[in-house]
Amino acid sequence: MVDPITQHQTHLQTTTNINTLQSETSIPQSPPSLDPKHYISQLFKCRNLNQITQVHAQVAVNGLLLHNLTLANKLLYIYVQHKAVIDAHSLFGVMTEKDPVSWSVMVGGFARVCDYLNCFVTFREYVRSGECLDNYTLPLVIRACRDTMDINMGRLIHHVVHKFGLHSDPFVVAALVDMYAKCGAIDDAKQLFDKMPERDLVSWTVMIGAYAECGNANESLALFDRMREEDVIPDKVAMVTVVNACAKMGAMHKARLVNEYIWRRNFSLDVILGSAMIDMYAKCGNLDSAREIFDKMREKNVITWSAMIAAYGYHGKGREALELFSSMLTSGVLPNRITFVSLLYACSHAGLVEEGLRIFNSMWEDHFVRRDVKHYTCMVDLLGRAGRLNEAFNLVEDMSVEKDEGLWGALLGACRIHNRIELAEKAAKALLELQSQNPGHYVLLSNIYAKAGRWEDVAKIRELMTHRRLKKNPGWTWIEVDNKIHRFSVGDHTHGWSKEIYKMLEMLIEKLELAGYVPDTNFVLHDVDEELKQGMLYSHSEKLAIAFGLISTPEGTPLRITKNLRVCGDCHTFIKFVSAIAKRSIIVRDANRFHHFEEGACSCGDYW
DNA sequence: CTAGGGTTAG
C-alpha cells in the first residue's frame with residue numbers, strides 16, 4: 001500500500017517537472033494567454049458567475065491552472081466572493097497542490113454561505129493534511145463555532161490553537177474571546193482576554209460587547225473606561241458597542257458623555273451608529289433626543305425606522321408609532337417582521353385595539369410579511385389587556401404557527417389583569433409544560449391566586465417551587481447619580497448612605513400616608529421568598545433607589561431609575577405619590593417598558 | 001485569504 005503522503009509528494013514532484021518542462025519549451029516571450037497574471041486581472045474584472053466560468057475553462061484548457069497555485073487560489077477566492085461555493089469546492093477537489101491560502105478560502109467560503117457542516121469538515125481535512133495551520137483560517141472556523149453556538153467544537157479548536165502555538169495571535173484570540181462570550185461562557189472569555197499579552201482595539205471591543213451581551217452592561221462600561229485609561233483610542237465600531245451597552249444599562253449620563261465623545265471625534269452618523277444611538281437614547285428614557293438623532297440621519301433603513309417605532313411603543317406613544325409607520329411606507333422602506341412586532345407592541349401598550357387588529361390583518365396581504373409567534377403574542381397582549389380574553393384565547397387555539405412560552409406568558413399576564421382564574425390555569429399548564437424552570441411563571445400564577453384570595457393554591461405553588469428548587473429572580477434597581485451607578489436590592493443596607501436612605505424613606509411614607517397612600521399588602525403576601533416578611537414592602541429596591549435619588553440630587557431634578565423586573569403594583573402607586581409630593585418627574589424603566597411619573601400620574605395609565 | 005457594529009413580545 002502506498003502511503004498517501006508519499007503519493008501526494010510524488011505527484012507534486014511530477015507536476016513541478018512538467019511545469020519546468022513547459023516553461024522551457026514555450027516561446028521566450030510568452031503571449032498574454034499563457035501569463036497567469038493576465039488571467040488574475042481578468043478574474044477581478046468578472047462581474048458574474050458566467051464570466052468566471054469562462055476564465056476557469058480557459059486556464060484549465062491551457063494547463064495553467066494546475067501548475068499555478070496563485071492563479072488557482074485567486075479563482076477559488078473569486079468563486080467564494082460570488083457565493084459560488086459549489087464551484088469553488090469542485091475546483092478545490094481537483095487542485096493537486098494546496099497551501100494555507102487555499103484551505104482558508106475554502107473554509108471561509110463555506111462559512112460565508114452558512115454551510116457550517118462543510119466548513120468544519122474542510123477544516124478537519126486541513127488539520128489532517130498535515131499542512132501548517134495559520135492565523136487566517138482559525139478565526140474563520142472559530143467564528144463558525146460562534147455562529148452555530150457550538151461551544152464544544154469551539155473548545156476543541158481552542159486545543160488545536162494551542163497545538164500550533166497560535167494562542168498569542170491577536171486575530172485568533174479575539175475570535176476565541178468572541179466565541180466564548182457569544183456562547184455564554186463569559187468567564188472563559190474574560191480569562192483569555194486577561195491573559196492576552198497585548199490587547200488591541202478589536203479585543204477590547206469584543207470583550208466590551210461580550211459583557212453587554214450577557215447582561216452585565218455595567219462591567220461593559222467599566223471596561224471601556226479601563227481601555228481609555230490604557231490609551232487605546234476607540235474607533236467607530238467600538239463606539240457602537242459602547243452605545244449598545246449604554247442602551248442596555250439605561251445610563252443617561254453616560255449616554256450623554258458617549259454622544260459628546262462621538263461628536264468630538266467627528267464620527268459620521270452612519271446608519272448603524274445612528275440606529276444604535278436612537279436605541280440608546282430611547283432606552284435611557286429620552287425619547288426627544290432619540291428623535292433628534294433619527295431626524296438628523298441622512299440614510300435610514302428598516303432597522304432605523306423599527307428602532308424608532310419600537311421606542312415610541314415602549315414609551316406608551318402608540319399614535320406616534322403609527323404615524324412613523326406611515327412615513328416609513330411613504331419613504332419606500334419595506335417593513336420586516338420586527339417592524340410589525342414593534343408596531344403591534346406599540347398598539348397594545350397604548351390600548352389601540354382596532355388599529356392593532358387592522359395592522360395584524362394587513363401584514364401579509366399588504367406587506368408580504370408572514371405572521372410569526374411574536375406577532376400573535378402581541379395580539380394576545382393587545383386583546384388581553386382590553387379585556388377581550390375570549391378572543392385572545394380563540395386566536396391562540398386557531399393559530400397555525402408553533403406556540404412558545406412567551407405566547408402563553410402573555411395570556412397568563414392578561415388573565416392576571418382581569419382575574420380570569422380558569423383561563424389562567426389553562427395557560428399556566430401549557431406554559432409550565434414548555435418551560436418548567438422559569439420561576440417568573442410560578443410567581444405570576446401565585447399572584448393571580450393571591451389576588452383572588454385563594455391562599456391554599458398560593459401555598460401549593462410555593463411548595464412546588466421549593467420542590468423544584470426554584471427561587472424568585474432577585475430584583476435590582478439602578479439609579480445614576482453624579483456619573484456613578486448605584487444599585488439596590490430589596491432590604492439593601494450595603495449602600496454608604498444607607499442610614500440616610502432609610503430615614504428619608506420613613507419620612508416619605510409618613511407624608512405619603514397623610515396624602516392618602518395606602519400600602520398594597522397584596523404585593524407582600526404573594527411574594528415567595530424573603531420579601532414575604534412584613535416591612536419588606538417598604539424596602540423594595542425601587543423605593544430605596546428613589547429615596548437615594550431624592551437626597552443626592554438637587555430639588556426638581558428628574559429621577560431616572562432602571563429595574564430588571566417589572567415594577568410592583570405598590571411601588572407604582574408609591575412613585576405616583578412621590579412624583580406629586582416631592583415635585584419630581586420620575587422616569588422608570590422596568591423589564592418591559594417605561595413609566596413617566598408626573599404630578600401623581602403615570603404615562604402607562606396604570607395599565608402595564 | 002483574517003478579528004469587533006444597530007431594531008423585536010412577556
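Everything numeric here is computed off the predicted structure, so don't read it as measured data. First the proteins, then the strands, lettered A, B, ... as listed; each starts at 1.
A salt bridge links A:Arg155 with A:Asp188; the closest basic N to acidic carboxylate O contact falls under 4.0 Å. Taking 4.0 Å as the cut-off between side-chain N and carboxylate O, A:Glu292 and A:Lys296 do not count as a salt-bridged pair. Salt bridge A:Arg265/A:Asp235: absent, no basic N to carboxylate O contact under 4.0 Å. Salt bridge status for A:Asp178 with A:Arg143: absent, with no side-chain N to carboxylate O gap under 4.0 Å. The pair A:Lys254-A:Asp225 meets the salt-bridge criterion, with a side-chain N (NZ, NE, NH1 or NH2) lying under 4.0 Å from an Asp/Glu carboxylate O. Ionic pairing of A:Arg566 and A:Asp590 is not present here: no N-O contact between side-chain nitrogen and carboxylate oxygen is shorter than 4.0 angstrom.
The OH-C1' distance, from A:Tyr312 to B:dT8, rounds to 18 Å in whole Å. As rounded to whole Å, 13 Å separates atom P of B:dA9 from atom CD1 of A:Ile309. A straight line from OH of A:Tyr126 to P of B:dC1 spans 15 Å, rounded to a whole angstrom.
Contacts of A:Val101 with the nucleic acid, taken as non-hydrogen atoms under 4.0 Å apart, include base atoms. In this structure, A:Asp404 reaches the bases: a heavy-atom distance under 4.0 Å links it to at least one base atom across the strands shown. Residue contacts for A:Gly209: at a heavy-atom cut-off of 4.0 Å it reaches no nucleic acid atom on any strand shown. The residue A:His349 sits close only to the backbone: its heavy atoms come under 4.0 Å of sugar-phosphate atoms, none of a base.
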message = At under 4.0 Å between heavy atoms, how does the protein contact nucleotides 2-7 of chain B? Give one character per nucleotide, 5' to 3', with B, S or -.
response = BBBBBB
